[in-house]
There are 2 protein chains.
Amino acid sequence: MGLTKSEKFSAEQNELSSICKVLAHPARIAILQHLYKIDSCICGDLVEEIGLAQPTISQHLRELKQVGLIQGTIEGTSVCYCINKDRWLEMRNQLNEFLDLEFISGKNCC
Amino acid sequence: MGLTKSEKFSAEQNELSSICKVLAHPARIAILQHLYKIDSCICGDLVEEIGLAQPTISQHLRELKQVGLIQGTIEGTSVCYCINKDRWLEMRNQLNEFLDLEFISGKNCC
DNA sequence: TTGTTTAATTGCAATATTACGATAAATAGA
DNA sequence: TCTATTTATCGTAATATTGCAATTAAACAA
């Protein structure tokens, strides 16, 4: 099979796992880190920076764009990408809601 | 190919993406949520709770165990699982370090 | 011991992801 | 127009993930 039966899970659970899936590749982490390290927007320097082939980078960029974490504007023949800060903060809040849980008891029970 | 070229990325980038990969499935999110909702440790009630077959749940539990997010102790014929709180907080810190970045400029640049 | 219960493992099929060569599309400049 | 540059898309191969039936393993009870 191999199909995630998303009907079995809540919208929150599916959303959380989707967010994590986008971040579940070192190349996409590297792209995001580079984009916020370099304030000015970077286009295809990412190909040199990351060290993967251009179609591969383009594919990762598309995934990041699909979830709204980055946005790109065309500048001549090149494309300028940057982080969508609103969406970034939204994602951070969603993740923190999951991560910042208070455990009922202080100690591990097993 | 399909092989993540982890040599190309920093230890931090590989670690971050590994953490996210474990969380990148709704069933594993659901397992974790159930484990901290029910303070007392739950064994194979997870199978009923989640609604996937027992081998599938067992597989997800193994992945969570491998990264140290949960731990299990044998109690008779059943196994009691619970969240490893130290590891959970460690993971939370690693993710927050990545998520809590201050952007250089306040506005999106493209 | 034998049966029962529970969880892990094995084996395999279906699907998803990753990577890249080849190609196409779009734009700028000559 | 033609050409160079840049990025997106297509097609495909390699690998990874997911899910479950069947089986095994382990612990308890009778």
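Computed from a prediction, not measured in an experiment: that's the story for all the values here. Protein chains get the first letters and strands the later ones, always in sequence-line order, with residue 1 at the start of each.
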Notebook entry, point to check: Has A:Leu89 got more than 12 heavy atoms of other residues, nucleotides or ligands less than 6.0 Å from its CG?
Noted result: yes
Notebook entry, point to check: Do any side-chain nitrogens or oxygens of B:Arg62 fall under 4.0 Å of OP1 or OP2 in C:dT9?
Noted result: yes
Margin query: What's the closest nucleotide to the side chain of A:Pro55 if the choices are C:dA19, C:dA8, C:dA22?
Written below: C:dA22
Checklist line | Nucleotide D:dT18, atom P - distance to CG of B:Leu61 in whole Å | finding: 14 Å
Check: Can you check the B:Glu48 CD to C:dT6 C1' distance for me, whole Å?
Finding: 13 Å
Check: Between B:Ile74 (CD1) and C:dA7 (C1'), how many Å, whole number?
Finding: 9 Å
Check: Whole-Å distance between C:dT6 C1' and B:Glu75 CD?
Finding: 13 Å
Margin query: Using the side-chain contact (heavy atoms from CB on, under 4.5 Å) definition, which of the options A:Ile57, A:Leu52, A:Ile38 pairs with A:Leu46?
Written below: A:Ile57
Check: Any side-chain N or O of B:Ser58 under 4.0 Å from OP1/OP2 of C:dA8?
Finding: yes
Check: Does a nitrogen or oxygen in the side chain of A:His25 sit under 4.0 Å from OP1 or OP2 of C:dA19?
Finding: yes
Notebook entry, point to check: Taking atom C1' of D:dT17 as reference, at what distance in whole Å does atom NZ of B:Lys21 sit?
Noted result: 9 Å
Note to self: For a quick check of understanding: with a heavy-atom distance under 4.0 Å over all strands, which category does B:Ser78 fall into, base, sugar-phosphate or nothing?
What the structure shows: sugar-phosphate
Notebook entry, point to check: Quick one: is C:dA8 close enough that its OP1 or OP2 comes under 4.0 Å of any side-chain N or O from B:Tyr81?
Noted result: yes
Check: In whole angstrom, what separates B:Gln66's CD from D:dA16's C1'?
Finding: 14 Å
Checklist line | Passing candidate, side-chain contact (heavy atoms from CB on, under 4.5 Å) with A:Tyr81, options A:Lys65, A:His34, A:Gln71 | finding: A:Lys65
Next item on the list: Measure from CG on B:Leu52 to P on D:dT17 and round the result to the nearest Å.
Entry: 17 Å
Notebook entry, point to check: Start at the 5' end of DNA chain C and walk down; is the nucleotide closest to A:Gln59 or to A:Thr77 reached first?
Noted result: A:Gln59
Check: Under 4.0 Å between a side-chain N or O of A:Thr56 and OP1 or OP2 of C:dC20?
Finding: yes
Margin query: Should the side chain of A:Gln54 and the base of D:dA8 be counted as holding a donor-acceptor pair, with the cut-off at 3.5 Å?
Written below: yes
Checklist line | Minimum-distance pair of heavy atoms, taken over all atoms of B:Ile83 and B:Leu32 | finding: CD1-O, 3.7 Å
Notebook entry, point to check: Is atom CD of B:Glu97 surrounded by more than 12 heavy atoms (other residues, nucleotides or ligands) closer than 6.0 Å?
Noted result: no
Next item on the list: Write down the distance between NZ (A:Lys65) and P (D:dT9), rounded to a whole number of angstrom.
Entry: 7 Å
